[in-house]
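One structure below.
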Amino acid sequence: MNKAAALVPLVLLTAAWAQDARAIVEESQRRGRASSQRYEGVLEVIGAHAKVSKKSWQSFRLGSFGESKAIIRFTAPADVKGVALLVINHPDRSSDQWMWTPAIGRDRRIALQDRSTRFFATDFSFEDLEERDVNQFDYRLTGEEAIDGAPCWRIEARPRQGKVSQYTLSRVWIRKADYVAALYENLVKDKVARRLHETDIRNVQGIWTAETLEMTDLRRNSRTILRIEKLAYNVPMKNDDFTVQALRREQ
Amino acid sequence: MILLRLISWPYVRKHLLRSVLTTAGIVLGVALLVGMQGANRSVLAAFNQTVDRIAGKAQLQVTAGESGFAEDVLERVQAVPQVRAAAPVIEASVETGLKGQGKLLILAVDMTGDRSLRDYDFENGDEDVIDDPLVFLAQPDSLIVTREFAGRNGLGAGSRVAFDTMEGPRQFTVRGVLKAGGMAAAFGGNLGIMDIYAAQKVFGRGRHFDRIDIGLAEGVSLEQGQAALEKALGPGFNVEPPSGRGRQFESLLGIYTTAMSISSLFALFVGVFIIYNSFAIAVTQRRAEIGILRALGATRGQIRTLFLGESAIAGLIGSAAGVALGLAFTRSLAGFTGQLMEAIFGVPQNTREILVDPRFLLVALVLGVATSMIAAFVPARNAARVEPVQALQKGKYQVLLAGENRTRRRAALLALALSLGCLALSRYRPLFYLGYLLTVTAALLLAPFLSLELARLLRGPLKWLRPIEGSLAADSLIQAPRRTSATVSALMLSLALAIAHGGVSLASVQSIQEWMAGTLNPDLFVSTSETLAARDFRFPAAMEGELEAVPGVADVQPVRTARVHLGGKPVMIVATELGRVYRHIHRTIIAGDAQTMDTLAPEGKGVVIGENLSVLQKLHLGEIIELPTPSGPLRLPIVGIIRDYSNQLGAVFLERSVYVRYFQDDTVDLFRVYVKRGAAGEEVRRQIVERLGGHRRLFVLSNREVRDYVTGVANQWLGLTYIQVLVALMVAILGIVNTLTVSISDRRRELGVLRAVGGLRAQIRGTVWMEAVAIGAIGLALGTATGAVFLYYEVQAIGKDIAGTPLAYQFPFGIVALLVPVILIAALISAVLPAETAVRSSLVEALEYE
């Protein structure tokens, strides 16, 4: 058998795994799909020197993966109350984001080039808040592994050419039982920069959802825990509530 | 080297005072040059350093003059594929009221994205010092200061710093401290960071940014990025690397630097005569010594080298001392220059570090040594020509030979004739300056002859005053004209400089006052700053109505001033309601007619320009000028040219509505307020402050205060040139001391004989004093005449090439009247020490001299 013939099964195997990886991610997104979502989040940032700061917000999302619109509105502490972020996701390009600061009475557009920066001193970046469109990444199934005792597929996602991302590669562990992502690792130049660990996975209105998200910034040695409360899906929402005007309106 | 040790050193030791006085000319000249250049360089370097440090990684900056531009430009910039990062910026300076801290430069940025261009190196990481970036963004009172500024003022996270905003005085909360170094070193460490959207309110910018800093995508060259942005934005925008701002500031500093450099070099030039004089005298005194050396086989070359070597060493010592003295002066001069630049151009300065280019110090040293050697060249050459036999004939050399005198006079007449020819062809500017140079040459060539003639003329009055002392003093000058001619030349040049500068100052101040009387005639000025030049804060357009509603106000004229680039130079746009303004002011029209100007300019169909702009940029009536604006180029004809002193590089008067439309900026820097007939100005002023001052930052200045301020700035500007005139005078006075010291030692035997035959000490003293006063009087006479000519050239140069504003020729009689006693008293004082030396020397030694 020549060398080329020997490579054929390997190539076929890789192609099959690639197909599976994308299908898994698509299935994961399909299962999480809802016409809308609403929750109250409690955000806890634990800095490198163990300094803890807490914030609360309300999150509203209309639509789902790739074409959703979301508003996050801070409710506490008092000096950030009313600060809001509007994210409009697009299937074919990076999302548009605006921020509203009521004390100044101004909205500001967050530029595409700035999305690698931290989301208001948390360990999430603005890019981390975007929804991932499967068409903007190449997926590869690289193995199986258990996370928190639950068997998972380990999948690598690499941004396609044209996709602007601070990350060169992401790894995601998706639970076989319910297709919920249990762990993400986002890499910058072969080094893990951020790790997102999702726990407290519950079934809410038929959708399996992680209610605790812990993002660790390994470069800064700090972490942010987001606890999701009062989660509800398919709540009636209007398109008009997800505009810059609405952002300004609802102080 | 052996000759220097064996021959020169004992001579220097013996005449230590004279050696010190000789080098003093070089010391002062070099000190002034180093001090001025060092100060200018430090101010410019501090500005560039601030620009460079706050630019961070920005490769290009988008600006539209000082008017700024609307926010939507940011999206247009971000859409350019060659752009990796674009960060909007507002920059302004504020007075914090913290004692001794000066101004705080506020860099207002959008912190959500600015870090892609600037490194914010916070103490102990972000979260410890920016207590909470979300709070920083959410609260408009957020401020980040530098470690240095915080340390100096005992500030920490949570501390409050107060400064005025457009909405009145506000307290700001320190929510971050930048580590020392890097960006934190900008503006001498007096840097504050603020959110850009909060800053728009604080400084009254509306929805405008001052500039956008750009980081280019990987692989995009500066030229490619610049071209892409220029194409995307159009000609109204300026796309330049951050260093371009430094160049703009340099061009503002240009006139000032030129004036200072010329005056410094002039001081050094005056020093040439002192050195020439000293060496000429040294050669005379050492003729016997030279004769012996020549008899022993020393070559002419060796003798020449000996004297040139002496001058080089004197130059080196003088230059080194001058450099040290100059460096000591640099800090205070830099502070003065910085204040002046801020007062005139409104560009805030904070020069904490004194930066001196070692290469320039080397140049100053070389210049000092070269000056000394050039000055000594002729005496050295004369020394080399000394024949041993001639060397024994003492005194002969001091006499100006008739032939020599004739040659000088002929050369002077030729120079004068040529200078007159150049003057006739002065429209070719290089010929004008050549003519000036020829006039100076003619004056210098004629100085010895005229000194001699004036000394002869003075003999009578001096003799009449004191028969013995007067005759002896006059004879001393008549018999040894070579000894005094260089000192007289130095004094003549210094006084000519003082008179010319005085005349220019007089004419400038008078012209400015006439202009102020005609145009700055509102009763009150409501300004965003005390200095009128600073444009960090802006009033909203709506304030016009608020002012009109104040009881006693008759008329309110909003004025917006902003620098834009025209012909590669930053010129000032003065946007106002021209029709309303013209009804109140009296203009001096240089070109065009009032009717056309009053019709077309207020309708926005043309612009009126200042005379200096017309001269400096060769712009004529009817010509179309193109102003870059954020909405594209604004092309308008020049419908009038008026006399104007509002900006050194020229002003364009534009109808406000046109400015608002093209620059998309309706803010106001200044309101000209006229009070109703019968209303008390002070009461209206009080009402304005009471009604508007509580919720706005404003300064209400009376007409007198504004005029005093403008006059003060003009005097400050002119005052600095007087420092240099003073130094030139000091150099010349040193020359008198030097001449008298030489004269005393030269005439030691003669004075000894006088005392031996019964001459009283008082008579000897009186002789020296009268000789000094005579030198002063001759210098005054020649200096006044030469000054009258220099003044003509300076007035022409300022009017046509430097400022572009014609000045009237006004001879400063007052200054001359002041100089007469000053110089005569200075001459008398400078004679005290030599006179005492003369009367106290041993009679026996004096008789044995030679």
Side-chain angles (χ1 to χ4, degrees), chain A residues 43 45-57 72-74 76-85 94 96-126 162 164 166 217 219-224 251, chain B residues 71-72 74-75 77-81 83-88 108-118 120 122-142 157 173 175-176 194-202 205-207 209 212 214-217:
Chain A
L43 198 69
V45 183
I46 301 132
H49 304 283
K51 186 180 170 184
V52 180
S53 71
K54 270 190 181 179
K55 287 184 189 72
S56 303
W57 73 37
I72 290 169
R73 206 176 285 280
F74 286 88
D79 44 14
V80 299
K81 192 177 174 188
V83 173
L85 184 79
S94 297
D96 292 319
Q97 297 180 0
W98 288 267
M99 181 186 172
W100 167 255
T101 41
I104 301 170
R106 285 301 314 271
D107 53 81
R108 68 184 80 199
R109 192 190 168 99
I110 294 162
L112 181 70
Q113 65 233 11
D114 302 330
R115 310 244 168 121
S116 60
T117 56
R118 296 166 65 200
F119 173 69
F120 305 137
T122 68
D123 292 287
F124 292 91
S125 71
F126 283 91
V164 178
Q166 63 187 300
D217 188 327
R219 293 170 298 191
R220 297 170 42 81
N221 195 25
S222 62
R223 62 201 170 96
T224 299
Q251 291 180 45
Chain B
E71 282 176 10
D72 57 9
L74 179 63
E75 286 187 31
V77 168
Q78 284 168 339
V80 174
V83 170
R84 171 182 60 82
V109 294
D110 182 355
M111 277 299 229
T112 61
D114 205 71
R115 289 187 192 200
S116 46
L117 285 182
R118 272 171 273 270
Y120 292 86
F122 295 111
E123 294 270 319
N124 311 317
D126 283 15
E127 68 274 16
D128 277 355
V129 175
I130 280 209
D131 252 4
D132 189 326
L134 185 60
V135 177
F136 179 86
L137 292 173
Q139 296 301 319
D141 68 340
S142 300
T173 306
R175 292 205 164 90
M194 186 184 268
D195 179 58
I196 193 162
Y197 298 100
Q200 284 179 331
K201 286 197 162 185
V202 167
R205 293 288 205 276
R207 290 201 155 205
F209 299 137
I212 298 173
I214 309 284
L216 295 172

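Side-chain atoms are counted along with the backbone in the values below, which use heavy atoms only and exclude waters and symmetry mates. Just so it is clear: chains get the letters A, B, ... in the order the sequence lines come, proteins before strands, and each one is counted from 1.
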Exercise for review: Would you check, one step at a time, whether the test salt bridge (charged side-chain N to carboxylate O under 4.0 Å, His left out) holds for A/Arg106 with B/Glu71?
Suggested key: CA-CA 12 Å; A/Arg106 285 301 314 271; B/Glu71 282 176 10; 2.7 Å; yes
Practice item. With sequence neighbours excluded, tell me which residues meet salt bridge (charged side-chain N to carboxylate O under 4.0 Å, His left out) with A/Asp79. Key: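 With neighbours one apart ignored, the set is empty.
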Point to revise | Any residue meeting salt bridge (charged side-chain N to carboxylate O under 4.0 Å, His left out) with A/Arg108, in chain and number order, not counting sequence neighbours | key: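 With neighbours one apart ignored, the set is B/Asp110, B/Asp195.
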Point to revise | chain B contacts, top residue of A/Val45, A/Ile104, A/Thr101, A/Thr122 (heavy-atom pairs, under 4.5 Å) | key: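 Winner by heavy-atom pair count: A/Ile104.
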Point to revise | A/Lys81 portion near chain B, given a 4.5 angstrom heavy-atom threshold | key: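 Contact with chain B is absent: no heavy atom of A/Lys81 under 4.5 Å.
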Check your understanding: Side chain, backbone, both or neither: which part of A/Phe74 has an atom under 4.5 Å from a heavy atom of chain B?
Key ->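 The answer is the side chain of A/Phe74.
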**Study point:** Approximate separation, where rounding is to 0.5 Å, of A/Asp123 CG and A/Leu43 CG
**Key:**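 Output value for this atom pair is 9.0 Å.
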**Study point:** Interface residue of largest heavy-atom contact number with chain A, from B/Lys201, B/Gln139, B/Gln200, under 4.5 Å
**Key:**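 Looking at each option in turn, the highest pair count goes to B/Gln139.
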